[in-house]
Asks: 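Below is one structure. I have some questions about it.
It should be emphasised that the depicted structure is a prediction, and the values quoted were computed from it without experimental measurement.
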Amino acid sequence: MDLGGKVFVVGGASRGIGRATATELVSAGARVVLMSRTAEAVEAAAAELGERALGLAADMAAPDTPERVRAAVGGRVDGVVVNSGGPPLGRALDVSDEDWRGSYELLIGGPLRLLRALVPLMGEGGAILFVTSSSVRQPIGGLDTSNVLRPGVAALAKVLARDLGPRGIRVNSIAPGRIDTDRLRGNDRARAEREGRDLDEVRAASAAEIPLRRYGEPAEMARVAAFLLSDAASYVSGAAIQVDGGLVSAIP
Ligand SMILES: NC(=O)c1ccc[n+]([C@@H]2O[C@H](COP(=O)([O-])OP(=O)(O)OC[C@H]3O[C@@H](n4cnc5c(N)ncnc54)[C@H](OP(=O)(O)O)[C@@H]3O)[C@@H](O)[C@H]2O)c1
């Protein structure tokens, strides 16, 4: 895949899926602005990728982020990966109003503001990719902020695909199942503590529910992301692609 000369913004890029995606894009020749909150971590991640990567400490939910990202990309953007950390764990009635509002800002409000700033810098051939979750198809136990809001993000990707298609901009989403990142390890740890079980046992039982019988690697998400952002996927828009080893069995 040749992404030479293209410029991408990747959110949540100091670790996990975002970092793997930034790595894949840079290795295909692109320039990438990596964005996440902790300056030291995002700068270190960018430094590891070399001179075509720039680290920017910015919070997806913060009101000044869009202008700061816009300034960092310098005039033109070919693709945006809308990604960050996930929303907090909890059951619907237990999650505080503040956490519900924060989850909205993280998953929908912040991304809308970011895209308002960046879409005007995108032209024909541009691509937007939302990282969502298997919760867009099937609720995940104990993660109701995601179960409620992620389907809205999938819908946002659909309406943007319709609105931006006439300008030659494609919009898609990818839904990870269980990808072995810090977030998944943290969720597994919380579950082990909650249920008084051994962490390795929780992880083995969780992997056993997946038809491919293992967690995915961040690089396995990143390869699909890079394809969807590339011209090789030039007629793919409005699609929601699961990268989950077969975890979600809902039809269609
Ligand atoms: N891993 C999975 O199996 C899985 C499954 C379903 C859905 N997902 C979703 O996929 C996304 C990425 O997950 P991951 O597993 O790669 O997570 P991760 O390993 O925890 O990495 C999250 C990244 O996002 C950054 N981040 C967190 N909050 C942010 C914010 N407000 N603004 C900007 N950057 C922020 C983090 O850095 P800082 O903390 O320094 O900001 C980090 O770089 C999440 O939304 C997650 O819910 C993941």
Side-chain angles (χ1 to χ4, degrees), residues 9-21 34-38 41-42 57-66 69 80-116 128-160 171-195 202 206 215-216 218 221 225 240-244 247-248:
V9 171
V10 180
S14 67
R15 298 194 301 271
I17 293 166
R19 183 176 188 159
T21 302
L34 291 86
M35 174 196 139
S36 53
R37 292 169 305 177
T38 315
V42 76
D59 185 335
M60 181 64 88
D64 64 341
T65 289
V69 176
V80 182
V81 179
V82 180
N83 177 58
S84 65
L89 291 168
R91 291 175 196 275
L93 299 183
D94 300 333
V95 172
S96 67
D97 286 355
E98 194 187 352
D99 278 353
W100 273 114
R101 277 191 287 271
S103 302
Y104 166 82
E105 287 299 331
L106 182 68
L107 298 179
I108 297 180
L112 277 173
R113 289 189 291 272
L114 182 66
L115 292 174
R116 249 183 234 130
I128 295 167
L129 183 64
F130 288 83
V131 176
T132 61
S133 167
S134 59
S135 63
V136 300
R137 309 287 317 283
Q138 204 164 271
I140 300 170
L143 194 43
D144 285 344
T145 50
S146 176
N147 296 333
V148 172
L149 293 169
R150 294 281 195 196
V153 178
L156 177 60
K158 282 279 188 195
V159 299
L160 291 176
V171 187
N172 293 294
S173 61
I174 38 175
R178 294 174 187 163
I179 307 296
D180 202 2
T181 65
D182 289 354
R183 174 168 172 84
L184 186 65
R185 283 187 281 272
N187 288 355
D188 283 345
R189 241 187 326 271
R191 185 169 175 194
E193 276 168 27
R194 206 171 50 240
E195 297 176 2
V202 165
S206 173
Y215 286 170
M221 284 287 295
I241 310 287
Q242 288 160 223
V243 184
D244 66 0
L247 176 68
V248 172

Asks: Nearest 0.5 Å, please: how far is CD1 in Ile108 from OG in Ser103?
Replies: 10.0 Å
Asks: Return the minimal non-hydrogen interatomic distance between Pro63 and Pro66, and the atom names on each side.
Replies: O-CD, 3.4 Å
Asks: Return all side-chain donor-acceptor pairs below 3.5 angstrom for residues 150-157, not counting sequence neighbours, or 'none' if the list is empty.
Replies:
| residue | atom | partner | partner atom | Å |
| --- | --- | --- | --- | --- |
| Arg150 | NH1 | Val131 | O | 3.4 |

Asks: Tell me the closest heavy-atom pair linking Val82 and Pro111, and the distance in Å.
Replies: CG1-CB, 3.5 Å
Asks: Under the side chain to side chain donor-acceptor pair (under 3.5 Å) rule, collect the residues that match up with Ser135, sequence neighbours excluded.
Replies: Ser133, Ser146
Asks: Looking at Ile174 and Met221, what are the two nearest heavy atoms and their distance?
Replies: CD1-CE, 3.5 Å
Asks: Apply side-chain contact (heavy atoms from CB on, under 4.5 Å) to Tyr215 and Asp188, showing your working.
Replies: CA-CA 12 Å; Tyr215 286 170; Asp188 283 345; 2.9 Å; yes
Asks: What distance separates Leu106 CG from Asp59 CG, expressed to the nearest 0.5 Å?
Replies: 7.5 Å
Asks: I need the minimum non-hydrogen distance between Pro139 and Asn147, along with the two atoms involved.
Replies: CA-OD1, 3.3 Å
Asks: For Arg189, what residues pass the side chain to side chain donor-acceptor pair (under 3.5 Å) criterion, not counting sequence neighbours?
Replies: none
Asks: Where do Leu143 and Pro88 come nearest, in terms of heavy atoms and distance?
Replies: CD1-O, 3.7 Å
Asks: Any idea which heavy atoms bring Thr65 and Met35 closest together, and the distance?
Replies: CG2-CE, 3.8 Å
Asks: Side-chain polar contacts of residues 94-102 - donor-acceptor pairs under 3.5 angstrom, sequence neighbours left out - could you list them?
Replies:
| residue | atom | partner | partner atom | Å |
| --- | --- | --- | --- | --- |
| Ser96 | OG | Asp99 | N | 3.0 |
| Trp100 | NE1 | Ala92 | O | 3.3 |

Asks: Can you find a heavy atom in the side chain of Ile241 that is under 4.5 Å from one in the side chain of Asn172?
Replies: no
Asks: Answer yes or no: does atom CZ of Arg91 have more than 12 heavy-atom neighbours from other residues, nucleotides or ligands under 6.0 Å?
Replies: no
Asks: List the residues meeting side chain to side chain donor-acceptor pair (under 3.5 Å) with Arg37, not counting sequence neighbours, and say none if there are none.
Replies: none
Asks: Under the criterion side-chain contact (heavy atoms from CB on, under 4.5 Å), I'd like the reasoning laid out for Leu114 against Val69: C-alpha separation, chi angles, the key distance, then a yes or no.
Replies: CA-CA 8 Å; Leu114 182 66; Val69 176; 3.9 Å; yes
Asks: I need the Leu149 CG to Asp144 CG distance, nearest 0.5 Å.
Replies: 10.0 Å
Asks: Using atom types as modelled, flag every donor-acceptor pair under 3.5 Å from a side chain in residues 175-184 to any protein atom, sequence neighbours excluded.
Replies:
| residue | atom | partner | partner atom | Å |
| --- | --- | --- | --- | --- |
| Arg178 | NH1 | Ser206 | O | 2.8 |
| Arg178 | NH1 | Ser206 | OG | 3.1 |
| Arg178 | NH1 | Glu209 | OE1 | 2.8 |
| Arg178 | NH2 | Glu209 | OE1 | 3.0 |
| Asp180 | OD1 | Arg185 | NH1 | 2.9 |
| Asp180 | OD1 | Arg203 | NH2 | 3.0 |
| Asp180 | OD2 | Arg203 | NH2 | 3.2 |
| Thr181 | OG1 | Arg183 | N | 3.3 |
| Thr181 | OG1 | Leu184 | N | 3.4 |
| Asp182 | OD1 | Arg185 | NH2 | 3.0 |
| Asp182 | OD2 | Arg15 | NE | 3.1 |
| Arg183 | NH2 | Pro87 | O | 3.1 |

Asks: Say whether, by atom type as modelled, one donor and one acceptor occur between the side chain of Arg113 and the main chain of Ala61 under 3.5 angstrom.
Replies: yes
